[in-house]
There are 2 protein chains.
Amino acid sequence: MSEASAERVPRATKQRAAISGALADSERFLTAQELHARLKRSGTKVGLTTVYRTLQMLAESGEVDVLHPGGSEAVYRSCDAAAHHHHLVCRDCRRSVEIESEQLERWTDTVADRHGFVAASHTLEIFGLCEDCAPSR
Amino acid sequence: MSEASAERVPRATKQRAAISGALADSERFLTAQELHARLKRSGTKVGLTTVYRTLQMLAESGEVDVLHPGGSEAVYRSCDAAAHHHHLVCRDCRRSVEIESEQLERWTDTVADRHGFVAASHTLEIFGLCEDCAPSR
DNA sequence: TTATCTGCAAACATTTTGCAGCGAG
DNA sequence: CTCGCTGCAAAATGTTTGCAGATAA
């Protein structure tokens, strides 16, 4: 008998390993191109297309977080928490801290509800300068 | 005597009038291309380039709000409130309600501070389906 | 008059897709 | 052996820029 449902089990290729590895090593958000450059520099030959495709997969499976700051380049970071959360991100170096707030979640739901909106979701990111990047230490 | 500083006083062209007019007439967020199409349809001949340039100006001066949902196309809406605020936006028709919360503002500042981040700003948008767009009314 | 605005066409930056060949299972 | 993965080149998308001519002040 075969399996009932076709589970999507990605193949273990060395490109995929390199990509999630490099991502896991960084505590900063990286663009696809930055990641690609890092891999190239470290000797791993991976196509930019593959980087994009892999990041997309990892994002869908929740293994990485994606942000679109300012609407330009997307930035990616491997995700520590399994649950829904937000980020405090350094505008300069893009180092980031994961944020959670049960109260915030409740508040956004309440706001949506109060205005007759259903199936509410939300995005929240806080930007600032981290201690290392702030001027006049 | 001439003025001390060169104030940026935009010229009153009919293109600019048409653009902010059309924008003011919509309670929904619109993309630059949608706006361009509307203007064309209503008989006003305006170049897409001008639409982009004008929207950028209006956004900088705070007359319109800009969102980059999902990181793809930017969407614009004329801004009612003068103060900092957020939006509750319908995922389907992009109708939107402006949201304000002194408490939220304080919370984000506190979070940033607690982690040693300075000069904090933030983005927050709530998405949902408005009453007209929600299925099974 | 004259500096700004307009709009076309072309440049741009980022991301996606087509397709032939490679390689994991 | 097979079918998914890879990577090149090309397409697609959304936005910006160069420049010559139109136009508000």
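Letters A, B, ... are given to chains in the order of the sequence lines, protein chains preceding strands, and every chain is numbered from 1.
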Practice problem: Would you confirm whether B/T44, through its side chain, and B/K40, through its main-chain N or O, come within 3.5 Å as a donor-acceptor pair? | Solution: no
NA contact type, [X], heavy-atom cut-off 4.0 Å: base, sugar-phosphate, or nothing?
X: B/T13; value: sugar-phosphate
X: A/K45; value: sugar-phosphate
X: B/A32; value: nothing

Nearest-Å distance, [atom1] ([X]) to [atom2] ([N])?
X: A/K14; N: D/dG7; atom1: NZ; atom2: P; answer: 9 Å
X: B/L48; N: D/dT15; atom1: CG; atom2: P; answer: 9 Å
X: A/H36; N: C/dA13; atom1: NE2; atom2: P; answer: 17 Å
X: A/R11; N: C/dG23; atom1: CZ; atom2: P; answer: 12 Å
X: A/E73; N: C/dT16; atom1: CD; atom2: P; answer: 13 Å
X: B/L55; N: C/dG7; atom1: CG; atom2: P; answer: 13 Å
X: B/R16; N: D/dA22; atom1: CZ; atom2: P; answer: 20 Å
X: A/H68; N: D/dG14; atom1: NE2; atom2: C1'; answer: 14 Å

Self-check item: Atom pair NE2/OG1 of B/H122 and B/T108 - distance to nearest 0.5 Å
Solution: 4.5 Å
With a 4.0 Å cut-off, would you call [X] and [Y] a salt bridge?
X: B/D25; Y: B/R28; result: no
X: A/E27; Y: A/R94; result: no
X: B/E102; Y: B/R106; result: yes

Quiz item: Is any side-chain nitrogen or oxygen of B/Q15 closer than 4.0 Å to OP1 or OP2 of C/dG7?
Solution: yes
Quiz item: Would you say A/Y52 reaches C/dT16's phosphate, i.e. side-chain N/O to OP1/OP2 under 4.0 Å?
Solution: no
Exercise. Classify the side chain of A/R53 and the base of D/dG4 as holding, or not holding, a donor-acceptor pair under 3.5 Å.
Key: no
Quiz item: So which one's nearest nucleotide on DNA chain D is more toward 5', B/A12 or B/T49?
Solution: B/T49
